[in-house]
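The analysis underlying the following values was restricted to heavy atoms, covering all of them including side chains, and did not include hydrogens, waters or symmetry mates.
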Amino acid sequence: MSETEKRKSYEPQAIEQKWYDFWLRKGLFKPEVNPSGEPYCIVIPPPNVTGSLHMGHALNATLQDVLIRWKRMHGYRALWIPGTDHAGIATQNVVEREIAKEKTDRHQLGREEFINRVWKWKGEYGGRIIHQLKKMGASCDWSRERFTLDEGLSAAVRTVFVKLYEEGLIYRSTRLINWCPRCLTALSDLEVEHEEEEGLLTYIRYPLEGGKGHLVVATTRPETMLGDTGVAVNPEDERYRELIGRRIELPLTCRQMPIVGDAAVEMEFGTGAVKVTPAHDFNDEEIAKRQSPALPSISVIGADGKMTALAGARYEGLDRYECRRLVVEDLKKQGLLEKEEKYTHSIGHCYRCKTVIEPLATPQWYVKIEPLASEAIKAVRDGRVKIVPSGWENSYFSWMENIKDWCISRQIWWGHRIPVWYCECGKTIVSTETPTVCPGCGSTELKQDPDVLDTWFSSGLWPFSTLGWPQMPEDMKAFYPTGTLVTAFDILFFWVARMIMLGLKFMGDVPFRYVYIHALVRDEEGQKMSKSKGNVVDPLLIVDKYGADAFRFTLAAFAAQGRDIKFSEERVKGYRHFINKLWNASRFISMNVEGRQIAHGIDQVRDLPSLWILSRLANAADEIDSALQEYRFNDAANRVYQFLWREFCDWYLELAKTGLENEEDAPGIRWCLLYCLDSVLRLLHPFMPFVTEEIWQTLPVPFRDGESIMTAAYPSGLYRDPAAEERMEIVMEAISGVRNIRGELNVQPGAKVKVLVNAGSEDVAKTLMGHLPYIKRQAGADSIIVEMGLAAPRKAAVNVMSRLEVYVPVEGLIDIKAELERLGKELRKTGEELSFCMKKLMDQDFIKRAPEQVVAKEKAKCQELEGKKANIEDSINRLKNIFQEAENG
RNA sequence: GGGCGGAUAGCUCAAUUGGGAGAGCGCAGCCCUUACAAGGCUGAGGUCACAGGUUCGAUCCCUGUUCCGCCUACCA
C-alpha cells in the first residue's frame with residue numbers, strides 16, 4: 001500500500017458499498033465458505049414487511065451480525081437466515097389506506113383482488129427493510145431469504161394446523177374475545193396493550209323491585225348497563241346478603257333482573273355491588289356462568305363498536321362513547337345518577353391501531369396451549385434453552401404457567417387462510433390440501449373458513465419452516481436446532497415462547513440453544529422512541545452521516561446486559577474518532593514498513609516493547625473472545641477499544657518510533673506492527689466490517705492470507721509473555737513518573753529535562769539501562785542517570801513509584817513553591833492511605849480472621865507506603881531548605 | 001395487587017464469585033512533537049440512594065425505606 005493513497009481521515013461513504021458488493025459477489029455470506037465447519041445458525045426475527053428500519057432493528061441486526069461474523073471467522077459453517085413477516089393486520093391496514101385514496105375499499109374490490117393488491121404492494125415496497133439491513137452490513141445469506149407467506153412456509157403452516165387439529169389441540173369455540181372495532185378482528189390476549197387512563201367511576205342507582213329503595217352500583221362503562229342481566233354482591237357481605245335472590249329493575253329499560261351472590265365481588269370496592277354484563281366483560285362472563293341457571297347474555301354493542309338493536313331504539317346505532325354520554329344524561333334526568341368520581345384504571349387497546357378493545361362473543365379458533373406450554377417450560381428449566389440474561393427466565397415461567405388458550409383466528413384477509421372447509425351437509429374438512437369434494441356427501445359446494453391465522457402462528461414456525469420443513473433438506477439436518485436467537489424482550493411471549501412450544505412439538509427439539517435478549521434503544525433522555533413523541537432517530541441517517549461501522553460499534557459498545565441504551569449522536573461521533581484513530585494507525589504503519597525489510601515471524605522480534613505489545617494483544621484477544629462467548633458485547637467492544645487506542649497507539653506506536661531507529665530491531669518491529677494491525681483488524685471486524693476490510697486488503701501477504709478478512713481466522717490463544725509485560729511496566733513507570741512531574745509543574749513540552757532514577761533493585765536498574773532511548777524520547781529527557789540507591793539531588797522534583805523513584809532537577813525549570821504544593825498533596829494522600837492500612841493491621845480480629853494472603857498483602861502495602869511517605873518527607877524538607885536559603889539570600 | 005430491574009465521577013455507564021471503586025464523554029492546564037487537533041501529555045472530580053443487620057472487613061450478601069423505569073393482573 002502507499003501512504004499517498006491514504007487520506008488523513010477515513011471516509012466511509014466511498015467504501016462501504018464497494019465492500020458489501022464484493023462480499024456478495026464472492027458469496028461470502030453463504031455457509032459454504034466453511035464447508036467442513038460445525039454448523040451455527042441464526043434466524044433473523046423477521047421484520048414486518050411493511051416496516052422500515054428503526055433503532056431496534058439496527059441494534060438487533062448489529063448484534064446478530066457480530067455473532068455470525070465472529071463465528072464465521074472461527075471456522076463455523078455460519079448461516080444467518082433473513083426474511084420478512086407478512087404482518088397480517090399491519091400490512092392490510094397499509095394497503096387499505098392506499099386504496100382508500102382511490103375512493104374504494106377492500107369490500108368493493110373483493111377478497112381476491114384485494115389480496116392481489118397486497119402482493120403488488122409487497123413487491124414494490126416490501127423489500128425496503130431488506131435493503132436497509134444491507135446498509136448496516138448484515139451478512140445474511142440472501143439466497144435463503146424467506147417470507148412467511150412463501151409457498152414453503154405456507155405448507156408448514158397448514159401441516160402444523162392439521163396436525164394440531166387432529167390431536168385435538170386446535171378447536172373452535174364461541175366465547176368472549178378481545179375485539180378491535182376498528183380492525184374488525186379478534187386479537188389474542190397478547191395483542192392487547194393495557195394502559196392506565198383517567199376515567200370516571202359512575203355510581204348508578206338500580207331501583208329494587210317493589211319500589212323500596214335502590215342498590216347503587218359503580219361502573220366505568222355506563223353504556224354497558226343496557227346489557228346487564230344481573231347485579232352481583234358478595235354473599236359474605238352483610239349489607240346485601242338478604243337481597244340475594246331478589247330482583248332489581250334495570251333503569252332505562254323495562255327489564256328486571258336478579259341479584260346474585262358471587263365470591264369474586266370485592267366488598268371494599270365501590271359500593272360492593274357490581275352490575276353484570278356477560279356479553280361485554282370477561283369477569284361478568286365468568287360470574288354469569290357460575291350462576292345456575294347461568295345469567296343470559298345480551299349483546300348491546302356490535303362488532304363495529306356501535307350499539308345494537310338490543311340496546312333499545314333510543315341508543316341503537318350510536319357509537320359506544322356517544323351512547324355512554326347519553327346514558328349518563330338520561331340517568332341524571334331520572335335522578336338515578338348517584339355520583340361520578342375520577343378514577344384511573346387500565347384499559348385495553350389494539351396493539352396495532354390503539355383503538356379501545358371491546359370484549360365480544362364470536363366464534364374463533366383456539367390452540368389448547370397447556371400441553372405445549374408445559375414442555376416449553378421444561379426445556380428452559382433444564383437448560384436445553386438458555387435465556388441470556390437469565391433474569392428473563394422468571395418472566396418466561398410466570399407467563400407460561402398462567403398461559404391461556406391462544407386465539408389464532410383473525411377476521412382479516414391478508415394471511416394464511418385457515419385450512420378448514422365447510423360442506424353444506426354440515427361436515428367440516430380440515431386438510432393440508434384444498435379439497436374439491438366432500439368426503440361425506442360428495443358435494444362440491446365447499447366453503448373455506450373465511451378467517452386467516454394470527455401472524456405469530458406462522459412466525460412461530462420460523463426456525464424450522466425457513467430451513468425447509470416439512471421437507472427434510474440438508475439445511476434442516478445441519479442447522480436445526482439453531483444456535484442463538486437474538487431479540488428484544490417485547491416479543492419474548494409473542495414469538496420466542498411460541499417458537500419453543502412449536503419447535504418442541506414438531507421437531508422434537510428446541511429451536512435454539514440460546515436466546516439473547518437485548519435492550520431497548522431509547523432517546524437521549526431515556527424516553528422510548530415513538531413517532532408521536534417525535535424523538536425517533538432514523539438509523540439510516542446516522543449511517544449516512546457517520547458510516548455503518550461507527551454506528552454499529554456504538555450500539556455494541558452500549559449493549560450492556562439488562563440495561564437499555566440511551567442513544568445519542570454524540571456517542572457515534574466519539575466512535576467515529578476511534579475509527580479515525582485506527583485509520584491513522586494503519587497509515588503510520590504503512591509509511592514505516594513499505595519497501596523496508598520485514599522479519600518473518602515472532603522469533604525475530606527482539607525488542608521489549610514489541611514482546612510487550614504482543615502479549616497485551618494476546619490478553620486482549622482472549623478477553624474479547626470470552627466476552628463474546630458470554631454475550632457481553634459491550635465488554636468486547638470496550639476491550640478492543642482500550643487495546644487499540646490506549647495500549648497500541650498511545651504506547652506501542654510511540655515506542656516503535658524510537659525502536660525503528662535501531663536497525664537491528666527494526667525488521668522485527670515492522671513485523672510486529674503489521675501483526676498487531678492485522679490482529680486488531682480481525683478482532684474488530686465483527687463490529688466494524690467495512691473499515692477493517694478496507695485496511696486489511698492493503699496489508700501485505702502473509703498477513704493478508706485470504707480473499708477477505710471475513711474468512712480470516714479470529715485471533716485467540718496467541719503468544720503470552722508475562723515476563724516481558726512486567727519488564728516493560730518498569731520502563732513505562734519511569735516514563736510516567738517523569739511525565740507526571742512535567743505535567744504537574746507545567747514544564748513546556750518542548751523543554752528537555754535531566755532525569756535521575758533510583759532503581760529499587762538490580763533488575764529494575766538493568767531493565768531501565770537497556771531502554772534509555774525510549775525513556776528519553778517519551779519523557780522528554782536529554783540525559784538520564786540510573787542507579788540503585790541513588791540519592792536525590794538537592795533541588796529536584798521527586799516521584800515515588802512502586803519499583804523506582806524518579807528525580808527531575810528543577811533548577812530553572814519550575815518554581816519550588818509549586819513543587820512543594822504538589823508534594824504536600826502527595827504526602828497527604830499517602831498519609832491517609834497509610835493510616836487506613838495501619839489501622840487494619842492493628843486490628844487483632846483482622847489479623848486472626850482474614851485470610852493469610854490478604855493480611856500479607858496489607859503488610860506489604862503498609863511497608864511500601866511507609867517508604868513512600870518517608871521519601872516524600874525528605875524531598876519536602878530538602879526543598880524547604882532551598883526555599884529558605886533563597887528567601888534569606 | 002403481584003413480579004423484575006435500576007439508583008456509583010458533571011453526563012452515560014462498568015466492576016466475573018465480599019479485601020478501600022474504573023472507563024468514555026465532558027471539564028481544567030500545557031502543547032499543531034513529521035499517523036491522527038476527529039490528536040498528544042498531565043490533572044481535578046465519588047459518604048458507591050437512605051437506614052439497619054450479617055462479617056475481622058460490605059458498592060457487593062440480608063431486611064426495611066425513598067425515588068425512577070418496566071412487565072403482569074378480572075377491584076367493576
Side-chain angles (χ1 to χ4, degrees), chain A residues 3 6 8-10 194 201-202 217-221 224 232 264-277 281-287 343 345-346 389 391-392 394-395 398-399 402 489-490 492-493 520 522 524 526 528 557-558 560 562-568 570-571 573-592 626-627 630 632 634-635 638 641-642 645-646 649-650 653-654 657 736 739-750 777-780 822 833 836-837 840 843-851 853-855 857-858:
Chain A
E3 68 267 26
K6 280 195 175 174
K8 270 177 110 171
S9 58
Y10 174 64
H194 291 273
L201 191 56
T202 307
V217 299
T219 180
T220 53
R221 301 200 57 194
T224 63
V265 179
E266 295 280 336
M267 291 183 272
E268 289 74 28
F269 188 86
T271 60
V274 60
K275 60 194 257 335
V276 182
T277 322
D281 186 284
F282 291 105
N283 297 320
D284 292 3
E285 186 189 38
E286 295 296 314
I287 294 174
Y343 181 62
H345 62 309
S346 81
W392 290 105
N394 278 335
S395 306
S398 71
W399 187 72
N402 299 302
F489 70 87
D490 52 351
L492 184 60
F493 308 137
L520 247 43
R522 297 169 176 279
E524 231 163 317
K528 214 165 167 172
F558 284 95
R563 198 186 277 258
D564 286 345
I565 296 176
K566 289 185 198 168
F567 184 83
S568 109
E570 282 304 303
R571 310 218 165 115
K573 223 180 261 178
Y575 286 115
R576 184 183 56 171
H577 297 176
F578 174 61
I579 294 175
N580 200 51
K581 192 73 182 175
L582 169 66
W583 182 255
N584 279 292
S586 80
R587 279 180 70 222
F588 171 80
I589 292 168
S590 59
M591 287 172 177
N592 281 286
S626 56
E630 292 161 35
R632 290 181 286 115
N634 59 325
D635 286 343
N638 287 322
Y641 181 102
Q642 147 85 15
W645 201 317
R646 309 271 80 108
C649 290
D650 285 353
L653 289 189
E654 295 306 322
K657 288 173 184 173
S736 296
R739 278 179 176 174
N740 173 279
I741 289 171
R742 296 180 61 115
E744 292 228 12
L745 302 183
N746 273 337
V747 177
Q748 293 293 304
R777 179 154 176 168
Q778 298 312 309
R822 190 183 71 83
E833 276 181 64
F836 180 81
C837 199
K840 235 172 168 179
D843 184 346
Q844 284 310 305
D845 283 330
F846 175 73
I847 301 288
K848 269 201 303 226
R849 317 187 86 129
Q853 285 175 331
V854 174
V855 177
K857 209 170 106 188
E858 215 59 33

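Comparing C13(B) with U59(B), their C1' atoms sit 15 Å apart, to the nearest whole Å. Spacing of P atoms, G46(B) relative to U8(B), comes out at 15 Å, to the nearest Å. Taking the C1' atoms as reference points, C4(B) lies 30 Å from G10(B), given to the whole Å. The separation of U17(B) from C61(B), taken at their C1' atoms, amounts to 12 Å, rounded to a whole angstrom. Nucleotides G3(B) and G22(B) place their P atoms 37 Å apart, quoted to the nearest Å. Spacing between C32(B) and C48(B) at atom P, rounded to whole Å, works out to 42 Å. U33(B) and G24(B) have their P atoms separated by 24 Å, given to the nearest Å. Taking the P atoms as reference points, C60(B) lies 16 Å from U55(B), given to the whole Å.
A heavy-atom distance below 4.5 Å is not found between the side chains of Phe558(A) and Phe567(A). Contact check for Phe493(A) versus Ser395(A): side-chain heavy atoms found under the 4.5 Å cut-off. Between Lys275(A) and Thr224(A) there is a side-chain heavy-atom pair separated by less than 4.5 Å. Within the 4.5 Å cutoff, no side-chain heavy atoms of Tyr10(A) are placed close to those of Leu582(A). At least one side-chain heavy atom of Leu520(A) sits less than 4.5 Å from a side-chain heavy atom of Phe489(A).
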Dot-bracket pairing map - RNA chain B, Watson-Crick plus G-U, both contacts under 3.5 Å, | cross-strand: (((((((..((((.....[..)))).(((((.......))))).....(((((..]....))))))))))))....
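Under the side chain to side chain contact (heavy atoms under 4.5 Å, CB included) criterion, Glu570(A) pairs with Ser568(A), Lys573(A), not counting sequence neighbours. The salt bridge (charged side-chain N to carboxylate O under 4.0 Å, His left out) search around Asp490(A) returns none, not counting sequence neighbours. In terms of the side chain to side chain donor-acceptor pair (under 3.5 Å) criterion, Asn592(A) has no residue partners (sequence neighbours excluded). With sequence neighbours excluded, the residues forming a side chain to side chain donor-acceptor pair (under 3.5 Å) with Asp650(A) are Arg646(A), listed by chain and number. In this structure, the side chain to side chain contact (heavy atoms under 4.5 Å, CB included) partners of Asn740(A), at least two apart in sequence or on a different chain, are Glu744(A), Asn799(A), Arg822(A). Residues passing the side chain to side chain donor-acceptor pair (under 3.5 Å) test with Arg849(A), sequence neighbours excluded: none. Under the side chain to side chain contact (heavy atoms under 4.5 Å, CB included) criterion, Pro389(A) pairs with Trp392(A), Ile517(A), Gln561(A), sequence neighbours left out. Under the side chain to side chain donor-acceptor pair (under 3.5 Å) criterion, Glu630(A) pairs with Arg632(A), sequence neighbours left out.
Heavy-atom distances to RNA chain B give each of Gln748(A) and Phe558(A) a nearest nucleotide, and the one nearer the 5′ end belongs to Phe558(A).
Not a single donor-acceptor pair under 3.5 Å links the side chain of Glu654(A) to the backbone N or O of Gln778(A).
What you find for His194(A) and Ser346(A) is that their closest heavy atoms are ND1-OG, 4.0 Å.
Rounded to a whole Å, the CG atom of Asp490(A) is 19 Å from the P atom of G5(B). Atom-to-atom, OH of Tyr575(A) to P of U12(B) comes out at 15 Å; the value is rounded to the nearest Å. In this structure, NZ of Lys566(A) is placed 12 Å from P of C70(B), rounded to the nearest angstrom. In this structure, Glu630(A) places its CD atom 12 Å from P of U17(B), rounding to the nearest Å. Atom-to-atom, CG of Asn394(A) to C1' of C70(B) comes out at 15 Å; the value is rounded to the nearest Å. Between the CZ atom of Arg632(A) and the P atom of U16(B) there is a distance of 10 Å, given to the nearest Å. One interatomic measurement links the two molecules: CG of Asn634(A) to P of G22(B), which rounds to 19 Å at whole-angstrom precision. Counting to the nearest Å, the P atom of C13(B) and the CD atom of Glu570(A) are 16 Å from each other.
Within the 4.0 Å cut-off from OP1 or OP2 of U33(B), not a single side-chain nitrogen or oxygen of Lys657(A) is found.
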Would you give a per-nucleotide map of nucleotides 71-76 of chain B, 5' to 3', where B means the base has a protein non-hydrogen atom under 4.0 Å away, S means only the sugar-phosphate does, and - means neither? ---BBB
Spell out protein contact along nucleotides 37-45 of chain B as letters: B when the base is contacted, S when just the sugar-phosphate is, - when no protein heavy atom is under 4.0 Å; keep the 5' to 3' order. SBSSSSSS-
Table of protein N/O atoms under 3.5 Å from nucleotides 54-58 of chain B N/O atoms:
from   : atom 1 : to        : atom 2 : distance (Å)
C56(B) : OP1    : Arg849(A) : NE     : 2.5
C56(B) : OP1    : Arg849(A) : NH1    : 2.9
C56(B) : OP1    : Arg849(A) : NH2    : 3.0
C56(B) : O2'    : Asp843(A) : OD2    : 3.2

